[in-house]
Amino acid sequence: MIVFEDVSHDYGGGPLFRDVSITLGAGSFHFLTGPSGAGKSTLLKLCYGELIPSAGRVSVMGQDRRQMTRDEMAATRQRIGIVHQDCRFLDHLSVAQNVGLPLTATGRPLPQGDLTDLLGWVGLGDRADALPPTLSGGERQRAALARAVIGAPTLLLADEPTGNLDWDMSQRLLLLMMELNRMGTAVLIATHDMNLIRFAKSHVQARVLRISGRKLTAAGAEL
Amino acid sequence: MIVFEDVSHDYGGGPLFRDVSITLGAGSFHFLTGPSGAGKSTLLKLCYGELIPSAGRVSVMGQDRRQMTRDEMAATRQRIGIVHQDCRFLDHLSVAQNVGLPLTATGRPLPQGDLTDLLGWVGLGDRADALPPTLSGGERQRAALARAVIGAPTLLLADEPTGNLDWDMSQRLLLLMMELNRMGTAVLIATHDMNLIRFAKSHVQARVLRISGRKLTAAGAEL
Amino acid sequence: MSRDARAISDLVVPRSGQSVWLVTLSAAAMAFLAVFALALAVSAAQLARGWSAQLAQTATVRISAPPDEMERQTALVLEVLRTTPGIAEARVMDSAEQAALLEAWLGPDLPLDALPIPRLIELLETDAGPDRQGLRLRLSAEAPGAVYDDHTRWRRPLVQAAARLQALAIVALGLIGVVMTVIITLAASASLASNGQVIAVLRLLGARDRFIARAFVRRISRRALLGSALGTLVAGALLWVLPDLGSTVQPLAGFGLQGPSWALLLVIPPLTMALAWTASLATAFHVLRGVT
Amino acid sequence: MSRDARAISDLVVPRSGQSVWLVTLSAAAMAFLAVFALALAVSAAQLARGWSAQLAQTATVRISAPPDEMERQTALVLEVLRTTPGIAEARVMDSAEQAALLEAWLGPDLPLDALPIPRLIELLETDAGPDRQGLRLRLSAEAPGAVYDDHTRWRRPLVQAAARLQALAIVALGLIGVVMTVIITLAASASLASNGQVIAVLRLLGARDRFIARAFVRRISRRALLGSALGTLVAGALLWVLPDLGSTVQPLAGFGLQGPSWALLLVIPPLTMALAWTASLATAFHVLRGVT
Ligand SMILES: Nc1ncnc2c1ncn2[C@@H]1O[C@H](COP(=O)(O)OP(=O)(O)OP(=O)(O)O)[C@@H](O)[C@H]1O
Ligand SMILES: Nc1ncnc2c1ncn2[C@@H]1O[C@H](COP(=O)(O)OP(=O)(O)OP(=O)(O)O)[C@@H](O)[C@H]1O
Ligand SMILES: [Mg+2]
Ligand SMILES: [Mg+2]
């Protein structure tokens with residue numbers, strides 16, 4: 001799915017991390033952790049091509065990011081589900097329309113049944129017709145996850161998807177992601193929540209990556 | 001500070017909570033918890049007057065919210081520090097300028113030393129001149145807390161202030177809020193993080209409020 | 001693009017909001033101004049044409065000849081004039097007319113009949129007018145007593161003024177066109193820029209540039225068409241009512257559009273739409289290129 | 001407001017961004033148009049005044065009297081004219097002039113000296129002109145052979161046309177004023193509306209309405225002043241250069257502003273600023289009332 005080769009990134013004020021090499025294989029399950037400001041969101045942005053690394057090579061779904069045209073990038077994004085840390089929505093569309101957008105905006109059919117089921121699972125069944133600005137913080141995160149998974153992506157990137165959620169709901173969302181993973185989707189979740197990581201490790205084969213001090217290391221032993 | 005008398009709120013689709021009566025005294029320390037979408041942020045908005053309750057009476061700093069003029073409201077807000085769940089900043093000002101805004105925008109002097117110390121404490125010393133859109137999720141929350149406390153408010157309302165932060169940083173921020181509380185500030189924190197509540201209870205006299213099923217109850221025994 | 005995809009592309013751009021109103025209203029304002037500039041240009045042209053026509057009628061040929069020559073020379077001159085292109089009509093003034101003409105200068109009592117007064121031939125020239133130099137030469141060759149007087153002295157300042165008026169109206173129309181282009185381009189860009197969020201979200205969900213651009217361009221040019229149609233309608237209605245008001249406010253009486261000129265107004269809305277279309281398409285691709 | 005507070009209020013409103021450009025550019029565009037409308041109005045007024053003046057010079061008094069009466073009546077008429085308000089100058093035409101005047105109609109050969117031709121007095125009227133009815137009565141009482149001819153026949157259509165032209169220019173100026181008000185109000189509101197976030201944040205931090213409104217109003221009206229000054233400058237420069245171009249493109253020769261009229265342009269920028277100030281203040285308080 002995603003291969004990083006000696007990737008470094010730098011926003012202009014010194015490198016954020018250096019010489020990162022990882023491979024996220026099909027069907028894998030990874031957590032990404034590290035202190036606030038370490039570069040987790042940056043790494044995710046490199047994965048879905050919003051950023052281009054200042055050094056090294058990122059290939060997404062087998063294609064070198066640098067050599068992809070804008071339309072190839074768009075086509076690739078259709079196979080990636082993304083939960084942003086600041087879940088952005090189209091504020092003039094209802095929650096249901098926003099969740100369905102990855103399909104409708106790319107001309108794919110939207111099965112209404114799936115949409116209803118999904119909204120029910122994340123606990124937004126009765127908020128389907130609300131506008132995003134009226135959602136609570138946690139509701140936004142749930143809607144963002146629903147939007148990320150509706151297209152049955154082959155890769156799911158989630159940036160802090162449970163920061164505003166209580167433990168019960170966090171588990172529920174994690175179960176959804178694990179279910180998707182079981183069906184073949186590669187999953188990468190950036191999170192601070194150690195409970196979430198522990199819970200996941202007791203159910204699936206998950207690797208934990210940790211960014212700190214400009215390096216990416218495999219963690220896990222300490223959990 | 002804040003007195004709720006039989007307060008109910010309703011956004012239009014049925015009441016969110018009913019007949020809530022609480023008193024937040026000067027120097028008190030409260031946590032507010034409950035499932036996502038229960039109405040925590042709504043309750044906080046009632047406290048600082050962004051919302052007017054659909055029934056009942058809210059008085060803020062001894063004044064009935066309904067009878068306050070716009071300028072009285074502004075004057076009252078100068079004594080309240082607020083951390084929003086979606087920390088909003090002025091995107092064209094630097095982090096330092098944003099943090100200083102509660103003082104500069106109300107014509108109060110801004111002690112540069114205090115500003116530098118505060119930014120250092122929340123770990124934003126080297127991001128002081130950055131623009132808010134370039135901050136990471138956790139950095140935004142830290143900046144928001146710094147902005148809330150710079151005016152030495154008599155009441156601090158924080159909505160999910162550590163959702164995007166790792167445990168070390170969460171503790172650090174909590175210590176800052178406890179320090180403020182020790183100096184007389186009443187504190188109300190809405191959060192899902194049980195570890196945070198436990199940690200606080202081991203240091204200060206904190207009460208835990210819980211919204212669920214349209215009612216506000218005092219919790220704590222189960223922690 | 002299928003009907004479904006079309007509906008969706010309409011959906012992704014906010015249906016209202018200030019930026020949409022900006023396009024509609026600036027298109028309306030500019031169409032409104034354009035209608036009046038057009039009316040000004042057309043009225044000026046009509047005014048100028050009217051003056052030229054009035055003045056053209058005052059050209060004359062004067063024949064001074066001994067009484068026995070007079071008839072022959074008059075006939076010769078009339079023949080020359082008849083065969084000169086650019087002269088619509090030539091008519092010998094009778095003495096009563098001539099007396100009336102001279103009365104202002106000579107008084108009613110002068111015994112004109114007893115005097116050897118020259119004969120005057122009044123000319124009605126076509127819009128283009130005759131070749132005056134050639135006409136003078138031919139006349140002096142055929143009838144030595146005939147003098148052509150096109151009253152240039154009188155005419156020049158008025159014709160100049162009319163031409164000047166028309167030039168002004170055209171300059172005004174041009175200026176309004178330029179400002180209109182700028183304002184509509186600006187409004188379209190503002191509309192797009194203020195939807196940066198929408199564009200970024202759609203792009204991240206895998207929508208193609210063409211899809212996003214098309215959604216915006218369609219919405220914006222439709223709004224421009226609507227606004228422009230409204231502005232044209234309001235201005236047109238005002239223009240329709242004005243001559244009625246003009247009957248009391250004299251100077252405005254002749255202002256406005258006549259008959260087929262009204263059709264010119266139909267050009268404004270599609271033109272505005274085309275302008276908005278081009279501007280928003282260019283801006284859309286420009287904005288999109290800045291989004292990864 | 002202290003200097004510090006002023007600097008801060010400037011700080012809280014974004015210094016750039018599309019909404020700011022919108023105000024600047026629409027003010028510039030509108031000022032640009034206003035300059036030309038003003039020039040049009042002034043030119044039209046000048047044109048009209050020029051025509052009136054030219055035509056006024058063609059008024060005459062004709063005295064037909066027996067030769068022995070002539071001198072006395074002429075003296076009487078001149079006395080009457082001298083004491084008539086509205087007549088700047090009265091001059092007896094000498095016979096050479098009279099001959100030149102009549103040449104177009106009578107030819108050069110007519111023995112005018114031998115004829116009992118009336119005497120002509122050329123009048124130069126002031127802009128207001130005399131009371132024509134009263135003048136006629138006084139003349140016929142004092143000198144029965146004197147006839148006043150103001151050449152109304154010739155004059156009326158031209159005076160009408162000039163008045164019409166001026167009316168058109170004023171209507172154009174009015175329309176541009178209206179559109180200008182609308183566009184600038186719109187731009188100011190758009191600028192405020194697009195800063196809804198800024199307003200909400202400031203309000204939550206305890207800033208007073210007056211503080212917030214003032215910050216916006218100052219920024220917006222300053223931008224409007226800048227834009228308007230730029231637009232006026234560009235249009236003024238164009239207007240300055242135009243007559244030079246006009247010397248080759250004849251019809252534009254007389255277009256433009258002369259001498260003190262240029263000072264009129266100085267009114268445009270402050271006016272635009274005042275407009276923007278009012279519009280943004282009203283909008284600011286309107287927007288603020290929607291924010292708790
Ligand atoms: N566009 C940018 N320009 C400059 N610096 C940036 C930009 N985006 C992020 N940064 C900086 O890079 C660092 C890493 O940001 P990133 O968002 O990747 O952190 P993170 O690990 O996701 O943190 P968090 O857990 O707080 O979300 C931060 O210090 C941030 O301020
Ligand atoms: N402006 C609004 N209009 C209508 N409904 C609203 C509005 N704001 C909030 N709601 C709804 O009210 C409920 C409570 O919202 P609130 O933001 O108070 O929840 P919360 O307890 O803070 O949840 P979270 O933990 O997810 O932040 C939610 O279901 C939300 O969708
Ligand atoms: Mg992050
Ligand atoms: Mg909340």
Side-chain angles (χ1 to χ4, degrees), chain B residues 44-53 58 60-61 65-66 68-84 86-94 96-110 131-133 143-144 147-148 150-151 153-155 157 159, chain D residues 1-24 190-220 222-223 280-292:
Chain B
L44 258 61
K45 282 178 190 162
L46 289 167
C47 289
Y48 61 81
E50 186 172 329
L51 290 176
I52 292 178
V58 172
V60 185
M61 311 260 172
R65 171 66 185 89
R66 278 180 210 274
M68 287 167 88
T69 64
R70 298 180 53 77
D71 276 356
E72 280 169 1
M73 195 69 236
T76 305
R77 290 245 175 93
Q78 296 183 15
R79 301 167 59 200
I80 307 180
I82 308 168
V83 181
H84 288 92
D86 57 335
C87 348
R88 282 172 288 172
F89 296 99
L90 302 195
D91 285 349
H92 62 286
L93 298 185
S94 72
Q97 282 172 320
N98 264 292
V99 169
L101 211 54
L103 298 178
T104 50
T106 57
R108 291 180 282 174
L110 174 65
L131 294 179
R147 183 176 66 181
I150 190 138
T154 51
L155 171 63
L157 302 169
D159 196 354
Chain D
M1 205 177 205
S2 74
R3 161 157 283 181
D4 254 16
R6 187 169 299 220
I8 290 151
S9 91
D10 271 359
L11 201 63
V12 295
V13 187
R15 214 168 265 276
S16 59
Q18 46 114 344
S19 64
V20 165
W21 279 111
L22 213 66
V23 173
T24 314
S191 176
L192 261 148
S194 72
N195 283 298
Q197 167 96 333
V198 173
I199 293 176
V201 169
L202 289 175
R203 190 68 212 161
L204 282 177
L205 297 180
R208 278 164 199 254
D209 286 2
R210 245 165 309 141
F211 173 87
I212 304 173
R214 226 180 284 165
F216 275 97
V217 167
R218 186 171 302 127
R219 174 63 44 92
I220 289 172
R222 216 182 272 170
R223 288 286 157 169
S280 54
L281 194 71
T283 321
F285 278 106
H286 180 79
V287 169
L288 278 165
R289 233 165 282 128
V291 178
T292 35

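Each chain gets a letter, A, B and so on, in the order its sequence line appears, and its residues count up from 1.
Between B:I80 atom CD1 and B:T154 atom OG1 the span is 7.0 Å, to the nearest 0.5 Å. Here the CG-CZ distance, from D:L202 to D:F211, works out to 6.5 Å after rounding to the nearest 0.5 Å. Atoms NE2 and CG, from B:H92 and D:N195 in turn, are 7.5 Å apart once rounded to the nearest 0.5 Å.
At least one donor-acceptor pair closer than 3.5 Å links the side chain of B:R70 to the backbone N or O of D:L288.
Remark: B:D71 pairs with D:R208, D:R210 by the salt bridge (charged side-chain N to carboxylate O under 4.0 Å, His left out) rule, at least two apart or across chains.
Of all the listed residues (B:T76, B:T106, B:I82), the one sharing the greatest number of non-hydrogen pairs under 4.5 Å with chain D is B:T106. Here B:R88 is the residue among B:R147, B:Q78, B:R88 with the most heavy-atom pairs under 4.5 Å with chain D.
Interface residue D:V198: backbone and side-chain heavy atoms are both found under 4.5 Å from chain B. Contacts of B:R79 with chain D are absent, with no heavy-atom separation under 4.5 Å from either backbone or side chain. For B:Y48, the part lying under 4.5 angstrom from a heavy atom of chain D is the side chain only.
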